[in-house]
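For reference, the structure is listed below as structure tokens.
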Amino acid sequence: TLIDCWNPRPRANQTIYSRSGLKQARHELRVVLLGRGNPISEGAEVAVRAVYYSAAQGEARFGSGGGPRGPQRMIFGYTGRKDYMDSRGNAWRPATEFVIRSGYGRDVFKDALWTERRTMYIGNTDDPELYRYGIHGKEFRVNVTAGPGTYRVRLLFANTPLHWFLEPDPEGGFGTFRAYDAVFEGIEPMHGIIELKLTGVGEREAILQALEVLPMDGSAQ
């Protein structure tokens, strides 16, 4: 593969290449200098500080430890220093497990997260706090590490436009200032990851307020 080591600012001890899932056998790692690179770079010298490897073995498509198999609950944009406890006594953790392209030099958290309450009123739920923040963007992914098994994935949404009285929703959406949950069952991780991809429609952004992942073996409710 091609690797570009240039960065606009000095960086140290950065992982520039990794590969996992290799067979238990002898492997050779070769670093070949091409004598060319990013035209912005002022040099061509390459130095390798260290190489790490692990011979750990695990179940096919999963790491040696297998991954977490218990409930996982997270709120996007929530800045509390402690987990939020819902009306059933379940803990929801502030979440940053997302990938989004916002452009070079952009502040991803500032652009993609609603870190302040969008509204106080959220109908159709006993836990409005779960729906008052969120992540938004044209397209983003959420990756949840999970061990072998089958899971129930619950996506929590709320349409919370700041200028709803100036920008009415002609299609009705799923209800302004009302909680809406989408539930998917029988989800199995791939390579130890449950990956969710959300994409906006037309000029509208995709949004997600919170996420719940539960094992379907009856060990969690």
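This chain uses plain numbering: 1 for the first residue, then up along the sequence.
- Of the possible donor and acceptor atoms, none in the side chain of Arg69 sits under 3.5 Å from a partner among the backbone N and O of Ala146.
- Atoms CD1 and CG, on Ile100 and Asp111 in that order, are 8.0 Å from each other to the nearest 0.5 Å.
- The shortest side-chain heavy-atom distance between Pro71 and Asn90 does not fall under the 4.5 Å cut-off.
- Contact record, Ile122 with Ala158: CD1-CB, 4.2 Å, taken as the closest heavy-atom pair.
- Residues Ile135 and Trp114 have side chains not in contact (no heavy-atom distance under 4.5 Å, counting atoms from C-beta outward).
- Pairing each heavy atom of Thr125 with each of Tyr131, the nearest pair is OG1-CE1, 3.4 Å.
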side-chain contact (heavy atoms from CB on, under 4.5 Å) between Ile16 and Asp4: does it pass, once the steps are laid out?
CA-CA 8 Å; Ile16 60 173; Asp4 183 0; over 6 Å; no
Determine, stepwise, if the pair Asn159 / Phe177 fulfils side-chain contact (heavy atoms from CB on, under 4.5 Å).
CA-CA 6 Å; Asn159 185 12; Phe177 302 123; over 6 Å; no
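- Using a 30° and 60° split on the angle between ring planes, Tyr84 and Tyr78 fall in the perpendicular class, above 60°.
- Taking all atoms of both residues into account, the shortest heavy-atom contact from Ala179 to Asn124 is O-ND2, 3.0 Å.
- Residue Arg117 holds its CZ atom at 13.0 Å from OG1 of Thr160, rounded to the nearest 0.5 Å.
- Taking a 6.0 Å sphere around CD of Gln14, one finds it holds more than 12 heavy atoms contributed by other residues, nucleotides or ligands.
- In this structure the side chain of Glu212 reaches within 4.5 angstrom of the side chain of Arg152, judged on heavy atoms.
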Decide yes or no on side-chain contact (heavy atoms from CB on, under 4.5 Å) for Ile40 and Trp6, but give the supporting numbers first.
CA-CA 8 Å; Ile40 304 178; Trp6 182 84; 3.5 Å; yes
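- Contact record, Phe157 with Ala182: CE1-CB, 4.0 Å, taken as the closest heavy-atom pair.
- Summarising the geometry, atom CG belonging to Leu113 is positioned 10.0 Å from atom OG1 belonging to Thr79; distances are rounded to the nearest 0.5 Å.
- A 6.0 Å sphere centred on CZ of Arg93 holds no more than 12 heavy atoms belonging to other residues, nucleotides or ligands.
- Residues Ile3 and Val31 have side chains not in contact (no heavy-atom distance under 4.5 Å, counting atoms from C-beta outward).
- Side chain of Glu116 to backbone of Tyr133: no donor-acceptor contact under 3.5 angstrom is found.
- In this structure, the side chain of Arg73 does not engage the main chain of Ala91 through any donor-acceptor pair within 3.5 Å.
- Under the 4.5 Å side-chain criterion, counting only non-hydrogen atoms from C-beta, Thr150 is not in contact with Ile187.
- A donor-acceptor contact shorter than 3.5 Å is absent between the side chain of Asp127 and the backbone of Leu130.
- In this structure, a donor-acceptor pair under 3.5 Å is present between the side chains of Arg49 and Asn13.
- Tyr17 has its side chain within reach of Thr1: a pair of non-hydrogen atoms, C-beta onward, lies under 4.5 Å apart.
- Between the side chain of Thr119 and the backbone N or O of Tyr121 there is at least one donor-acceptor pair closer than 3.5 Å.
- Listed for the Glu97 side chain is no donor-acceptor partner under 3.5 Å among the backbone atoms of Ala95.
- Distance alone, capped at 3.5 Å, is enough to place a donor-acceptor pair between the Asp86 side chain and the Gly89 backbone.
- At a threshold of 4.5 Å between side-chain heavy atoms, the hydrophobic network of Ile, Leu, Val, Met, Phe, Trp and Tyr places Leu196 and Leu156 in two separate groups.
- Looking at heavy atoms from C-beta onward, Arg9 lies in side-chain contact with Arg11 at the 4.5 angstrom threshold.
- Without hydrogens or angle criteria, Glu205 side chain to His136 main chain gives no donor-acceptor distance under 3.5 Å.
- Across all their heavy atoms, Thr199 and Ala206 have their closest contact at C-CB, 3.7 Å.
- When all heavy atoms are compared, the tightest approach of Tyr52 to Ala50 is CE1-CB, 3.8 Å.
- Both Val153 and Leu198 are members of a single hydrophobic cluster when ILVMFWY side chains are connected at heavy-atom separations under 4.5 Å.
- To the nearest 0.5 Å, the span separating CE on Met190 from CD on Glu188 amounts to 9.5 Å.
- When hydrophobic clusters are built by joining Ile, Leu, Val, Met, Phe, Trp and Tyr residues whose side-chain heavy atoms come closer than 4.5 Å, directly or via intermediates, Val144 is grouped together with Phe140.
- Between Arg141 and Glu195 a salt bridge is recorded (basic side-chain N to carboxylate O distance below 4.0 Å).
- With contacts defined as side-chain heavy-atom distances shorter than 4.5 Å, the pair Phe76/Leu208 qualifies.
- Between the OH atom in Tyr53 and the CG atom in Leu29 there is a gap of 13.0 Å [rounded to 0.5 Å].
- Placement of Phe98 and Ile75 in two distinct hydrophobic clusters is found when ILVMFWY residues are connected by side-chain heavy-atom separations under 4.5 Å, directly or transitively.
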Worked check of side-chain contact (heavy atoms from CB on, under 4.5 Å) between Gln209 and Arg132
CA-CA 7 Å; Gln209 272 66 33; Arg132 289 172 174 155; over 6 Å; no
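- Placement of Met74 and Ile194 within a single hydrophobic cluster is found when ILVMFWY residues are connected by side-chain heavy-atom separations under 4.5 Å, directly or transitively.
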